[in-house]
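Heads up, the thing below is written out as structure tokens.
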Amino acid sequence: MNVLIVGANGQIGQHLVNELKEGGQHTPVAFVRKEEQVKAFEDKGVEARLGNLEDSIEKISKTMTDVDAVVFTAGSGGGTGYDKTVLIDLDGAVKTVEAAKSRGIDRFIMVGAFRSDNRRQWVKDMKPYFAAKYYADMWLVNSGLNYTIVRPGNLENAESIGTIAAGEATKKAKVYTIPRVDVAKVIAESLENEATYKRAFDVLTGDDAISEALSNLS
């Protein structure tokens, strides 16, 4: 599949580009918002397309030519205000879902936030962020697309551990972190793993191999 990675220049996005490129089974296509980012990916042999999540659905959809699946891993970042959280993490995600639908692209993976489906678990100082992720996820669930929502715990810039806890298994987790590179591996494994179709799940570092954990989601 040709996989459009929205937020390809982010940390999870860059890991995912590398994971797909090295795996050879799928072809990454980077969705980025700066010309210099396009060139950086092209220099690495990765096709890149210029887009902006604050543009219209129609403009976003033009980046989806010859795309078979979309991964949304974009975010406004911790250095911006909650206005950008609404515009990128919520509205940008919704517009990307609608753009995929308009193109007839059925497979869509969203990177969410750990336990964002439970308002009682929202971190007090980050409630607007969790609300944005919650409603973006709900829009995807109700879109009719073949979705997967991956909700990672606290993200770490660390080497791959390669084993995870997913879904109900996270309730017995010993840690509440996961390396960004392992989130990318989970996304790559989810693309064609039918056990993840139309599923939303939390994911942390754990004891199970990624493919095994995903295939046994409950």
Side-chain angles (χ1 to χ4, degrees), residues 1-81 83-85 87-97 99-100 103 105 107-113 129 132-133 136 148 150 152 154-162 177-192 203 210:
M1 292 192 293
N2 292 330
V3 182
L4 185 71
I5 303 169
V6 180
N9 199 58
Q11 295 183 75
I12 292 174
Q14 291 187 51
H15 284 303
L16 181 57
V17 168
N18 293 336
E19 185 73 21
L20 297 185
K21 191 170 185 290
E22 292 170 7
Q25 187 176 0
H26 304 295
T27 302
V29 180
F31 177 110
V32 295
R33 61 186 181 89
K34 296 180 180 179
E35 291 283 1
E36 57 265 33
Q37 294 168 351
V38 171
K39 185 177 186 305
F41 279 106
E42 290 178 344
D43 287 347
K44 294 191 294 186
V46 175
E47 181 184 356
R49 301 177 183 179
L50 196 63
N52 190 323
L53 292 174
E54 294 188 52
D55 281 342
S56 66
I57 293 170
E58 291 73 22
K59 284 187 177 181
I60 294 170
S61 73
K62 289 179 181 178
T63 68
M64 297 182 178
T65 304
D66 298 324
V67 165
D68 304 297
V70 174
V71 175
F72 188 93
T73 183
S76 56
T80 62
D83 56 337
K84 286 295 184 182
T85 300
L87 291 175
I88 302 301
D89 298 77
L90 176 50
D91 195 45
V94 167
K95 288 189 290 187
T96 304
V97 170
R103 282 282 181 177
I105 300 166
R107 190 73 179 107
F108 198 110
I109 297 180
M110 181 88 80
V111 177
Y129 168 77
K133 301 300 283 185
T148 298
V150 179
N154 293 332
L155 297 167
E156 294 186 317
N157 288 325
E159 292 185 4
S160 172
I161 296 170
T177 59
I178 185 169
R180 287 177 170 86
V181 62
D182 282 344
V183 177
K185 290 177 181 293
V186 169
I187 295 167
E189 176 65 28
S190 295
L191 279 165
E192 293 189 296
V203 62
I210 291 172

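Given the structure is predicted, the values throughout are model-derived calculations rather than measurements.
- To the nearest 0.5 Å, the span separating CG on Leu155 from CD on Gln11 amounts to 8.5 Å.
- The two residues Phe41 and Ala48 make their nearest non-hydrogen contact at CB-CB, 3.9 Å.
- Using modelled atom types, no side-chain atom of Arg33 and backbone atom of Asn52 make a donor-acceptor pair closer than 3.5 Å.
- Of the possible polar contacts, none joining the Asp182 side chain to the Ser160 backbone as a donor-acceptor pair under 3.5 Å is found.
- The line from CD of Glu192 to CD of Gln25 is 5.0 Å long, rounded to the nearest 0.5 Å.
- Among Val203, Leu20, Leu16, Val3, the single residue meeting the side chain to side chain contact (heavy atoms under 4.5 Å, CB included) criterion with Ile187 is Leu16.
- More than 12 non-hydrogen atoms from other residues, nucleotides or ligands lie less than 6.0 angstrom from CD of Glu36.
- Listed for the Lys133 side chain is a donor-acceptor partner under 3.5 Å among the backbone atoms of Val111.
- Counting all heavy atoms, side chain and backbone alike, Val46 lies closest to Pro28 at CG1-O, 3.8 Å.
- Closest of all the heavy-atom pairs between Pro152 and Gly112 is CD-O, 3.4 Å.
- Of all heavy-atom pairs spanning Ala74 and Leu53, the tightest one is CB-CD1, 3.6 Å.
- Counting heavy atoms of neighbouring residues, nucleotides and ligands inside a 6.0 Å radius, atom NZ of Lys62 does not exceed 12 of them.
- Note that the CG atom of Leu191 and the CD atom of Glu19 stand 10.5 Å from one another [nearest 0.5 Å].
- Contact detail for Ser190 and Ile109: the closest heavy-atom pair is CB-CD1, 4.1 Å.
- Judged by distance alone, with hydrogens and angles left aside, the side-chain atoms of Asp68 form a donor-acceptor pair with the main-chain N or O of Asn2 at under 3.5 Å.
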* With side chain to side chain contact (heavy atoms under 4.5 Å, CB included) as the test, would you mind laying out the steps for Glu35 and Leu50 before giving the verdict? => CA-CA 7 Å; Glu35 291 283 1; Leu50 196 63; 3.3 Å; yes
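- Salt bridge status for Glu54 with Lys84: present, with a side-chain N to carboxylate O gap under 4.0 Å.
- Note that CZ of Arg103 is 8.5 Å distant from CE of Met64, once rounded to the nearest 0.5 Å.
- Shown here for Asn9 and Gln37, the closest heavy-atom pair between the two residues is ND2-NE2, 3.0 Å.
- Put simply, CD on Glu42 and CD on Glu47 are 8.0 Å apart, with the number rounded to the nearest 0.5 Å.
- For the pair Lys95 (side chain) and Asp55 (backbone), a donor-acceptor distance under 3.5 Å is present.
- No hydrogens or angles considered: nothing links the side chains of Thr177 and Asn154 as a donor-acceptor pair under 3.5 Å.
- Between the CG atom in Asp91 and the OG1 atom in Thr96 there is a gap of 9.0 Å [rounded to 0.5 Å].
- Within a 6.0 Å radius of CG in Asp66, other residues, nucleotides and ligands contribute 12 heavy atoms or fewer.
- Only one option out of Thr148, Val67, Val70 pairs with Arg107 in a side chain to side chain contact (heavy atoms under 4.5 Å, CB included); it is Thr148.
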